[in-house]
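Protein chains get the first letters and strands the later ones, always in sequence-line order, with residue 1 at the start of each.
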2 protein chains.
Amino acid sequence: MTDRPQASGETLLFLTDDQVRRGIEAMFFAYRGFTADPDRILAEYGYGRAHHRAIHFINRRPGLTVTALLATLGVTKQSLNRVLRALVEDGLVESRVGPRDKRERNLYLTDSGIALEAALSEVQGRRVRAAYRAAGPEAVAGFRRVLEAMMDPDLHGLYAREAERI
Amino acid sequence: MTDRPQASGETLLFLTDDQVRRGIEAMFFAYRGFTADPDRILAEYGYGRAHHRAIHFINRRPGLTVTALLATLGVTKQSLNRVLRALVEDGLVESRVGPRDKRERNLYLTDSGIALEAALSEVQGRRVRAAYRAAGPEAVAGFRRVLEAMMDPDLHGLYAREAERI
DNA sequence: ATACTACGTCAGCCTTATTGACATTCCAAG
DNA sequence: CTTGGAATGTCAATAAGGCTGACGTAGTAT
């Protein structure tokens with residue numbers, strides 16, 4: 001379909017199919033690198049990425065309700081429940097009855113939960129920082145802009161809007 | 001640990017833990033958006049991302065051997081075999097006995113395989129292009145630089161070196 | 001009093017991944 | 001020519017993490 005080399009005219013940003021495929025490939029490799037370090041720590045606890053995500057978002061929004069976390073992660077409650085139950089049983093997450101609405105459960109990290117979160121974001125952040133350093137400041141700004149644009153507006157919009165509201 | 005706001009001195013690129021966490025979060029949301037469109041197509045075929053990855057790399061390197069694909073994907077042969085068998089049975093991938101070394105199997109996409117790959121990279125590329133357009137050309141360059149730096153050198157190095165060799 | 005919401009849980013199923021074991025084919029080195 | 005090892009395929013068992021469907025309970029809201 002598209003086979004012009006570089007061009008620029010109307011779009012100023014013309015990419016061949018091959019260039020796009022390289023970008024797709026880069027996302028795959030980068031995401032794998034991105035998750036490799038936390039995965040190793042999680043494995044020691046018998047946890048997976050699902051646990052990491054829950055811990056991450058509870059840390060970001062202490063007091064988050066189960067429904068809100070469900071919407072953020074985009075999984076079913078049955079799926080999340082298994083993960084959440086393990087975290088609560090292991091004493092990393094605390095589930096308090098909602099003060100306003102008693103049906104709700106507000107989720108908080110315990111001290112051990114905070115410690116694990118710190119360890120996870122430390123190793124993951126190490127790689128992110130290293131990549132940022134290697135690429136340079138303007139590259140980081142561009143990176144973030146592309147990522148934002150790549151997000152699914154339906155799924156992420158809710159989260160972003162909620163973030164402002166709170 | 002780190003709570004200075006912006007700074008710049010020695011590193012020229014100082015990021016707070018919170019900024020790094022936002023980056024981590026952005027990767028999560030972006031990767032989900034990135035895979036959403038292909039996932040819908042794959043579901044129609046009863047396939048998953050594993051099939052997509054196999055199709056992608058066979059398309060990129062027609063004649064790829066099973067061992068090379070194994071190393072690229074970083075999975076076990078048992079895991080890949082299931083995926084590969086489905087693709088061969090469904091007539092999307094052809095597995096030819098190696099001409100030089102008859103133990104090897106060279107993998108090729110059939111016409112239907114090429115068609116599916118085109119459909120997948122079309123929808124995925126659509127989102128990538130949209131994100132690139134929204135972010136601008138310099139942002140894209142920066143994005144790629146950060147992604148490259150984020151890859152696991154051990155895993156990706158092999159692939160990159162092999163790409164040059166061929 | 002009734003309807004709806006938030007949450008938890010049981011059961012069953014699927015995909016993708018793992019480890020371990022074993023067979024086959026075939027290249028290459030002694 | 002024999003033998004070791006490499007490339008591949010396959011069987012079995014297991015696990016994480018996701019899904020749907022169904023059901024129950026507590027609490028809010030009308």
* Tell me whether the OP1 or OP2 atom of dC11(D) has a side-chain N or O from R85(B) closer than 4.0 Å. =>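 So the side chain of R85(B) is within the cut-off, an N or O lying under 4.0 Å from OP1 or OP2 of dC11(D).
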Please give, in whole Å, the distance from [N] [atom2] to [X] [atom1]?
{"X": "L70(B)", "N": "dA6(D)", "atom1": "CG", "atom2": "C1'", "answer": "13 Å"}
{"X": "L64(B)", "N": "dA7(D)", "atom1": "CG", "atom2": "C1'", "answer": "14 Å"}
{"X": "N81(A)", "N": "dA16(D)", "atom1": "CG", "atom2": "P", "answer": "16 Å"}
{"X": "L73(B)", "N": "dT18(C)", "atom1": "CG", "atom2": "P", "answer": "10 Å"}
{"X": "L69(A)", "N": "dA6(C)", "atom1": "CG", "atom2": "P", "answer": "14 Å"}
{"X": "K77(A)", "N": "dG18(D)", "atom1": "NZ", "atom2": "C1'", "answer": "16 Å"}

* **salt bridge (Lys or Arg N to Asp or Glu O under 4.0 Å) partners for E117(A), two or more places apart** =>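 With sequence neighbours excluded, E117(A) shows a salt bridge (Lys or Arg N to Asp or Glu O under 4.0 Å) to R21(B), given in chain and number order.
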* Sequence neighbours excluded, which residues qualify as salt bridge (Lys or Arg N to Asp or Glu O under 4.0 Å) partners of R145(B)? ->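 For R145(B) the salt bridge (Lys or Arg N to Asp or Glu O under 4.0 Å) partners, ignoring immediate neighbours, are E138(A).
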* Residue met sooner reading DNA chain C from 5', once R105(A) and Q78(B) are mapped to nucleotides ->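 With R105(A) and Q78(B) compared, the 5'-side residue is R105(A).
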Which protein N or O atoms sit under 3.5 Å from an N or O of nucleotides 15-17 of chain C?
residue : atom : partner : partner atom : Å
dT16(C) : OP1  : G48(B)  : N            : 2.9
dA17(C) : OP1  : R53(B)  : NH2          : 2.6
dA17(C) : O5'  : S79(B)  : OG           : 3.4

* Pairs involving residues 93-103 of chain A, ordered by first then second residue, that meet side chain to side chain donor-acceptor pair (under 3.5 Å) (sequence neighbours left out) ->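 Residue pairs with at least one partner in residues 93-103 of chain A: E94(A)-R96(A), D101(A)-R103(A).
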* What is the ring orientation for Y132(A) with F143(A), classed by angle as parallel under 30°, tilted 30 to 60°, or perpendicular over 60°? ->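 Aromatic pair Y132(A)/F143(A) classed perpendicular.
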* To do: Can you tell me which residue pairs pass the salt bridge (charged side-chain N to carboxylate O under 4.0 Å, His left out) test with a partner in residues 82-93 of chain A, sequence neighbours excluded?
  =>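 Checked against salt bridge (charged side-chain N to carboxylate O under 4.0 Å, His left out) - neighbours excluded - no pair reaches residues 82-93 of chain A.
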* To do: Would you list the pairs meeting salt bridge (charged side-chain N to carboxylate O under 4.0 Å, His left out) in which at least one residue belongs to residues 38-52 of chain A, sequence neighbours left out?
  =>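 Every pair satisfying salt bridge (charged side-chain N to carboxylate O under 4.0 Å, His left out) with a residue in residues 38-52 of chain A: D37(A)-R40(A), D39(A)-R49(A).
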Got a list of protein N/O to nucleotides 27-30 of chain C N/O distances below 3.5 Å?
residue : atom : partner : partner atom : Å
dC27(C) : OP1  : K102(B) : N            : 3.3

* **For Y108(A), ring pair (Phe, Tyr, Trp, His ring centres under 6.0 Å) partners two or more places apart** =>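 Partners of Y108(A) by the ring pair (Phe, Tyr, Trp, His ring centres under 6.0 Å) criterion come out as none, since no residue qualifies.
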* H52(B): what forms a ring pair (Phe, Tyr, Trp, His ring centres under 6.0 Å) with it, not counting sequence neighbours? ->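 So H52(B) forms no ring pair (Phe, Tyr, Trp, His ring centres under 6.0 Å) with any residue.
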* Asked: Closest approach of M27(A) and L147(B), non-hydrogen atoms and distance?
  ->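 Between these two residues, the closest heavy atoms are N-CD1, 3.9 Å.
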